[in-house]
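See below for the structure under consideration.
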Amino acid sequence: MNLFKNIFGSTEPERANSKVNWRALTDIGQLNEIVNESSAKPVIIFKHSTRCGISRMTLKQFENEYELEDLVTPYFLDLLENRDISNEVAKRFDIEHQSPQLILIKNGRATYNASHSDIYADALKRYI
């Protein structure tokens with residue numbers, strides 16, 4: 001079974017072994033918290049499809065280069081489990097839905113977003 005998961009991926013949360021201290025984004029009400037939090041400290045949302053190999057590779061690359069623990073509060077959004085939240089993120093922050101996608105929220109607004117091969121922790125630093 002492990003071989004199957006390694007080849008085709010898993011729908012299990014992939015952030016368990018991550019050095020990023022992800023907060024799960026599982027409730028639309030959390031978006032209000034994110035807006036409020038972002039006034040004191042920037043927030044990032046990583047939108048991830050657990051069935052997409054590109055999304056999985058991008059997530060692992062981002063986590064490997066991540067050194068922002070004191071600079072941002074990171075949220076992880078599983079698109080397959082929380083499509084309604086993903087749609088609300090796009091609507092509320094006036095951005096086009098992508099997957100994978102990294103969104104930076106500052107003072108209640110999306111100030112930066114990147115998708116697919118443009119997601120890099122080092123690039124994000126410039127916008128914090």
Side-chain angles (χ1 to χ4, degrees):
M1 187 66 160
N2 263 350
L3 178 61
F4 182 77
K5 284 184 181 179
N6 288 340
I7 294 172
F8 297 104
S10 168
T11 59
E12 312 244 337
E14 297 171 9
R15 59 200 183 276
N17 296 323
S18 172
K19 68 179 182 178
V20 180
N21 190 21
W22 294 112
R23 294 182 182 182
L25 179 50
T26 58
D27 184 272
I28 286 184
Q30 287 177 279
L31 295 177
N32 293 329
E33 295 170 23
I34 287 170
V35 166
N36 291 334
E37 279 182 65
S38 73
S39 295
K41 182 178 182 180
V43 173
I44 58 171
I45 299 172
F46 193 103
K47 293 169 64 175
H48 173 61
S49 172
T50 55
R51 291 190 199 142
C52 174
I54 292 171
S55 190
R56 187 171 24 266
M57 285 188 326
T58 302
L59 174 63
K60 287 182 183 195
Q61 174 186 307
F62 180 80
E63 290 177 326
N64 286 337
E65 63 183 32
Y66 184 87
E67 295 178 357
L68 306 168
E69 49 278 330
D70 295 328
L71 302 176
V72 298
T73 302
Y75 282 83
F76 183 91
L77 177 59
D78 179 335
L79 296 174
L80 300 178
E81 294 291 322
N82 300 289
R83 187 59 156 172
D84 58 331
I85 298 171
S86 177
N87 291 339
E88 184 62 26
V89 166
K91 179 179 168 187
R92 185 174 296 202
F93 297 111
D94 193 29
I95 55 173
E96 182 180 344
H97 164 76
Q98 298 284 325
S99 171
Q101 185 172 34
L102 180 69
I103 304 161
L104 175 66
I105 311 295
K106 290 171 69 175
N107 297 315
R109 295 182 43 235
T111 59
Y112 170 78
N113 81 84
S115 66
H116 296 82
S117 61
D118 292 330
I119 297 175
Y120 292 100
D122 286 342
L124 176 62
K125 285 182 189 178
R126 289 181 260 164
Y127 297 92
I128 295 176

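With a 4.5 Å cut-off on side-chain heavy atoms, Val43 and Val72 do not count as touching. For the pair Glu69 and Asn21, the minimum side-chain heavy-atom distance is 4.5 Å or more. You'll find the side chain of Arg92 stays beyond 4.5 Å of the side chain of Arg109, heavy atoms only. The shortest distance between side-chain heavy atoms of Leu68 and Leu124 falls below 4.5 Å. No side-chain heavy atom of Gln101 sits under 4.5 Å from any side-chain heavy atom of Val89.
Checked for salt-bridge contact, Glu37 and Arg23 meet the test: a charged N lies under 4.0 Å from a carboxylate O.
Rounding to the nearest 0.5 Å places CD1 of Ile34 at 5.0 Å from CG of Leu25. Separation of atoms CH2 (Trp22) and CD1 (Ile45) is listed at 10.5 Å; rounding is to 0.5 Å. A distance of 9.0 Å separates CG of Asn113 from CD of Glu96, quoted to the nearest 0.5 Å. Atom-to-atom distance recorded for Leu102:CG and Lys47:NZ is 11.0 Å, nearest 0.5 angstrom. Rounded to the nearest 0.5 angstrom, Cys52 SG and Leu79 CG are separated by 9.5 Å.
Listed by first and then second residue, the ring pair (Phe, Tyr, Trp, His ring centres under 6.0 Å) pairs involving residues 52-71 are Phe46-Phe62, Phe62-Tyr66 (not counting sequence neighbours).
Using a 4.5 Å cut-off between side-chain heavy atoms of Ile, Leu, Val, Met, Phe, Trp and Tyr, with links allowed through other members, Leu59 and Tyr120 fall into different hydrophobic clusters.
For Tyr127, the ring-ring contact (aromatic ring centres under 6.0 Å, His included) partners at least two apart in sequence or on another chain are Tyr112.
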task = Walk me through it: do Thr111 and Ile105 pass the test side chain to side chain contact (heavy atoms under 4.5 Å, CB included)?
result = CA-CA 6 Å; Thr111 59; Ile105 311 295; over 6 Å; no
